[in-house]
Amino acid sequence: MKGKKLLALLGSACLILALAALPFMGACAPEEVAPPPPPPPEEEEAPPEAPEFIKVGTAIQLSGMYASGGQEVLDAYEIGVEEINAKGGVYVKEFDKKIPIKLIAEDDESDLVKTVRVMEKLYSVDEVVVYLFGFGSSLAAAQAPIAEKNRVPWIGSCLSVEAIFEQGYRYVFAAFGLSSDQVRAYLAVLDSLPADVRPTTIANWELQSDWGLEMTRFLKEENLARGSPYKIIRSEYSFATTDFSSLIIEAKAAGIDVIFSTPTPPQAFAMAKQMKELDYTPKAALLQRGCSPVTWGPTLGKDGDYFCNCQSSSPALPFPGNKEFNEKYRALRGVDYNFAGAAYSCIQILVDAIERAGTLDRDKIRDAIAATDMMTVQGPIKFKPTGKPIIIQCLLQWQDGEFRLVWPSEYAEVPFFYPATPWKER
Amino acid sequence: MAIDRKKFSIVTAIVVSLAVLPLAVKVDYITNILIVLFLYVILSQSWNVIGGYAGQMHLGLGALFGMGALTTRLLWSAGTPLPLSLLAGAISSAILAVIIGVPTLRLRSHYFAIGTLGVAIIAMTTVGNVLPGLAFLPGAYIASYNILTRYYLSLGLMVMAVAVVYLLVNSKLGLGMVCVRDDEGAAEATGVNAFKCKLQALTISSALAGLAGGGFAFYQSSLYYHMPFGLRWSFEPVLITLVGGSGTIAGPIIGSVFYVILKEIFGLALGEVNILIFGALFVLVVLFLPEGLIRLPEKLRQLSVKAGQQEAVAQESLGDRGGKGGER
């Protein structure tokens, strides 16, 4: 009985081993003389089977502190993808057919840790060919190395921090004016003023963040490049600051002409209110990012006027498709877009790159993006080898409760209003 | 100290399975989730030492996690070998713990909680102001980035952390910590130096938090220096440990699995609504299982016994009635 059991066990073990070894049998088998290959077919080879979709992924901010920005970006992506798919998709030469885009958007909760996991999921589970970015430089800084590691092209709008593009990454591109572009646009507006009214002093209220420091660096560099026409006085504040009275009093006492800062939106609202309370009217004020929300004008009314923000798209820009895109956005949300033009242009860049690459190979798409030279809703765009854009940078100013394009002057809706009307006279 | 062979075999099997898992399932997404899970286990075990065993409502773990992360990242970026950087991270957190502990551990109950929370906020604000930048991994390094190195490091750190807590709770110091937690006055009356005991617990807990921070700094490819000082790192380990079961070895592990894995699944399946549903689930666990998920099997057993008893009573009463009816 015992012997039979042992025999059965050995037999089973041999069978399992034999089955396991089956895949390797070919490798160990002696080489057979292969029959001569059949002659190649006369007609051209049929293209490989096309995938059902071109998968494009975005780890986007649909909840958390950047939710409103993330939603606007996603709206733009969805409008863009819908338009492309309505035409049958993107023509890919390799498959000789149009393939629709499938946009896979996953909420990263504006969380720097979660956004990494979502990026990995989009890559290893969904197998996206391109990443699109959502909103906020800090999240872009977390996402960019993951895109680089996975060698998946990443196109971002609504981010400013330039340091991301100074790390030698090859797969990371921005379709949005970065810190240096923003500084240049603001100074260009000031430079354009007649010499007798042009400001001479700038208060740089520096937010203690990577972006705040970077903006300071570019402000110094740009001023130096101009021969230092502006005297820059720097003061610092942190993310937690809610009382700006010391900065305002200091600027008022020194007779500072214009303000330059990168506050968060709540901080920008507090700055405007406190400037009014302390009766300090800077002749111009760039509250970059802080005064960009669409709620700024309706909330502050005349107190919100004359504050400026730099961005790379505006509904007022006359480039092809911009007006139509804004109409679609307006039909969806009931208001003009704020910065979604830049996000929409990411879809335009992506489609153009895939068509030129003629394949869904990520490396080839990356090379095609790098070679981009095209017109988008936010104007012509090219990329530097670092992934930074060569793009038109706009300056918008709140005037009569409306966010108006004032720079570049050739596209301006209205002239730059300078100097700002004092609080008491509004 | 006798080691339960059965338990030891189960733990060994789990660790071996976890070691083999990323080789079998080559999906970076899963590897990433598990790394985060392991780091949360270390961090919640860290809170478990000071909060679960020593009974101190410590709300400043973020400062110690952050200190470990900051030290490790700065040293590692400067070219120091990773093991040394991790060790330095753990030591720096332990030193900070002594500095924090000497004044705050003289405070009792919620005063200690407020004091430590204050420390976390001060650390977060200070680092945010002094080091507002972020650390990137350069493109050349990213090309050789290996997720498996991160995985095995965090797995190793987690096993080490659990082993440290196991050895600690089975030591004389662990006994002293439990005595202090249950009744500080009585513990002192029996010869336990409560302050020394709490300080030792805080130091060990902080070294573990620093180790978790070091692992996090190695894992995150770009890191804002102030980010690991955020208040989430102070509150999440408390929640995880309480939901899993504080004052137990398995509790923080169960809590971490619940927090990381379930939240991820909910996030994928339910979208933005997951935060609401997950929050409600958290509240339900705290309401119905105040001692944590670790008591769930016991609770289910009790319920089934109760149900069985009720059924038996019901059958008995039916039988009685039947019997009486028969008599009639």
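As the structure is a computational prediction, the values presented were derived from the model and not from experiment. Chain naming here is simple, since letters A, B, ... match the order of the sequence lines and numbering starts at 1 in each.
- If you measure heavy-atom distances from A:Asp111 to chain B, the contacts under 4.5 Å come from the side chain alone.
- Ranked by non-hydrogen atom pairs under 4.5 Å with chain B, the options A:Ala240, A:Gly168, A:Ser238 are led by A:Ser238.
- Contact count versus chain B (heavy atoms, under 4.5 Å) is highest, among A:Ile146, A:Leu122, A:Leu112, A:Asp107, for A:Leu112.
- A salt bridge is absent between A:Lys55 and A:Glu127: the closest approach of a Lys/Arg side-chain nitrogen to an acidic carboxylate oxygen does not fall below 4.0 angstrom.
- Options B:Phe136, B:Tyr219, B:Tyr145 differ in how many heavy-atom pairs under 4.5 Å they form with chain A, and the most are formed by B:Phe136.
- Comment: A:Arg217 engages A:Glu166 in a salt bridge, judged by a side-chain N to carboxylate O separation of less than 4.0 angstrom.
- The aromatic ring centroids of B:Tyr151 and B:Phe38 lie less than 6.0 Å from each other.
- Interface residue A:Leu62: backbone and side-chain heavy atoms are both found under 4.5 Å from chain B.
- Taking the ring axis of B:Phe218 as reference, the NZ or CZ atom of B:Arg150 stays within 45° of it and closer than 6.0 Å to the ring centre.
- For A:Glu148, the parts lying near chain B are the backbone and the side chain together; criterion is any non-hydrogen pair under 4.5 Å.
- Contacts with chain B were tallied for A:Val116, A:Leu213, A:Val113; A:Val113 has the most, counting heavy-atom pairs under 4.5 Å.
- Top candidate by heavy-atom pairs under 4.5 Å with chain B, chosen from A:Lys114, A:Arg170, A:Glu109, is A:Glu109.
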Check step by step if side chain to side chain contact (heavy atoms under 4.5 Å, CB included) holds for A:Val128 and A:Lys102.
CA-CA 9 Å; A:Val128 299; A:Lys102 183 179 184 183; over 6 Å; no
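- Close placement of the B:Trp233 and B:Phe216 rings is indicated, their centers lying within 6.0 Å of each other.
- Residue A:Ala163 touches chain B through both its backbone and its side chain, counting heavy-atom pairs closer than 4.5 Å.
- In terms of non-hydrogen atom pairs under 4.5 Å with chain A, the most contact-rich of B:Leu134, B:Leu223, B:Thr125, B:Leu131 is B:Leu134.
- Across B:Thr241 and B:Asn48, no two heavy atoms sit closer than the pair CG2-OD1, 3.6 Å.
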From CA spacing to verdict: side-chain hydrogen bond (donor to acceptor under 3.5 Å, both in side chains), B:Tyr259, B:Glu236
CA-CA 9 Å; B:Tyr259 187 78; B:Glu236 284 175 349; 2.7 Å; yes
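- Comparing A:Ala142, A:Ser63, A:Ser138 by how many heavy-atom pairs each has under 4.5 Å with chain B, the most go to A:Ser138.
- Within the 4.5 angstrom heavy-atom criterion, no atom of B:Val130 approaches chain A.
- Each of A:Phe165, A:Tyr171, A:Phe173 was scored for a ring-ring contact (aromatic ring centres under 6.0 Å, His included) with A:Phe383, with one residue passing: A:Phe173.
- Contacts between A:Leu207 and chain B at a heavy-atom distance below 4.5 Å are absent for every atom of the residue.
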